[in-house]
Structures are given as structure tokens and as C-alpha cells.
Amino acid sequence: MRPKITYYGHSCFSVELNGKSILFDPFITPNPNASMIDISTIQPDFILVTHGHGDHTADLVPIAKQSKAQVISAYEITEWLSGQGIENGLPMNIGGSINLGFCTIKMVKAEHSSSFSDGSYAGNAAGFIIQTSESSFYYAGDTALTLDMQLIPLSFNLDFAFLPIGDNFTMGIEDAVKSSKLIDCKKIIGMHFDTFPPIEIDHKYAYDQFSGAGLTLILPLINQTFEL
Ligand code: NI
Ligand code: MN
């Protein structure tokens, strides 16, 4: 079954895989570009969180509470969540994998920082690789271009990848193209762009850079659902 993807803006996506839905980095209500989305309708089975920054966690607590989804994240983030009354976290750390039955999830390194808006420590920033019997994909989180990405294709044959391309806080367009080569993946979904003025991008330039390198870039529209 092909993964069904819905974009909620910034770096927030839901991916439906084998009848289960995984939500990544919930940040919707503070995003003016995503004002058409009613978060009470979002009922994931799992929520994956890459790091503690507000633009990845703003709606984490309400969506985790309403959906009773299991939150998979760094140990420090699941500990912080238990302080908010969310007890069913599944803590991980970089390099580890877990098997959820319908998929396995590996937490990989991201070159970034991580803390909560209240100042508390949120562990190390991370990315995730999700693998089913039919497909695998990489959700990079917030990261710089890093040589560690070369390790990914040694173990995974990625069908597609979510990469940040907005620059300033993460990779920009050129580095995301280089990253696509390091991870050996030709189909890239851009994220972490256009939400705030410092990360606004030129869409035509982005498409040209990717197609010039033999890669396919998807810049999804907010509230759009598509299959890959
Ligand atoms: Ni961040
Ligand atoms: Mn961010």
C-alpha cells in the first residue's frame, strides 16, 4: 500500500502506512498559513517528535491527549511529557530502533539543537527512518547537511525523504540537494519553508535546483493529501 501523506504546514505531516497514521512534529495552531486546519480532527496512532523547539511541538500536548497516540521521541522529551500528564511515551535515543509491528523506526542523528520553549532540556535533535516491508522513508527533522547522512543508504533503500529546505535554521536548497545525494534518494518532500520571513524560499529556484540534479522535489500545499 502506498503511503498517504497530508501536509499540515511547516514540518508537520501525517503519513498513513498500513492503516496506521503517524504524525510528525505537530506545529499547526501558531502557523497563520495553516489556519484552515482544525487540530481536533487530527487523530494519529503515533506522534514522532524530532526535537523540543516550539515550531515542532506547539500542538503536541493537545493532540497527544485527544488522540491518546503514543509519542515516540528522545527520552528527555517523553520525560517532559509525563510532567504534562502524557504517560504513554516511547523513549528512544539516537542509533536505536524499535519495531511497532507495521513498521520499524530508527532514530538517527540531526545536526541541530533541542530545548523546550520553557527552557527545559530536550535531549539531542534527531531524525527518523521508517521502514515497512514495502517501503522506507527518512524524516530528517531540523538538520544541517552532515556527513552522517552517508550512513543511511548503507542500511536503507529510501523511497522518499522529508528534508528541510528553508535555510537560516536548517539546510537550504543547495544543501538539501547535496543531502539527497548522500542519502541516495531521488524523491524529496520539502519542509520547514515559508512559515516565517527568514525561511521563505523561491519555489521556482528550488524546483530548478532539484530537477537540474536529477531529483524530484515536492513542495506540498498545506492541507493537501497525496500518495507516494
Ligand atoms: Ni529546531
Ligand atoms: Mn524548526
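All ligand and atom numbering here is 1-based and tracks the order in the structure. Because the structure is predicted, anything quoted here is derived from the model rather than measured.
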Peer 1: Could you tell me the angle subtended at the Mn ion (ligand 2) by NE2 of His192 and NE2 of His56, rounded to 10°?
Peer 2: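 Between NE2 of His192 and NE2 of His56, at the Mn ion (ligand 2), the angle is about 100°.
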Peer 1: Report, rounded to 10°, the angle at the Mn ion (ligand 2) between the two atoms OD2 (Asp142) and OD2 (Asp55).
Peer 2: 180°
Peer 1: What is the name of the N/O/S atom in Asp142 that sits closest to the Ni ion (ligand 1)?
Peer 2: OD2
Peer 1: Of all the heavy-atom pairs spanning Phe102 and Asn18, show the shortest one and how long it is.
Peer 2: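 Shortest heavy-atom separation between Phe102 and Asn18 comes out as O-ND2, 3.4 Å.
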Peer 1: Using 0.5 Å steps for rounding, measure from the NZ atom of Lys68 to the CG atom of Asp45.
Peer 2: 13.5 Å
Peer 1: Got more than 12 heavy atoms from elsewhere within 6.0 Å of CG, Asp208?
Peer 2: yes
Peer 1: Could you tell me the separation between the CG atom of Asn223 and the CG atom of Asn33, rounded to the nearest 0.5 Å?
Peer 2: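 The CG atom of Asn223 sits 12.0 Å away from the CG atom of Asn33.
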Peer 1: With respect to the Ni ion (ligand 1), please indicate if His56 possesses an N, O or S atom at a distance under 2.8 Å.
Peer 2: no
Peer 1: Is it true that, when you exclude Tyr75 itself, more than 12 heavy atoms of the residues, nucleotides or ligands shown sit nearer than 6.0 Å to its OH?
Peer 2: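 Count not over threshold, so no.
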Peer 1: Starting from the Ni ion (ligand 1), look over the N/O/S atoms of His53 and name the nearest one.
Peer 2: ND1
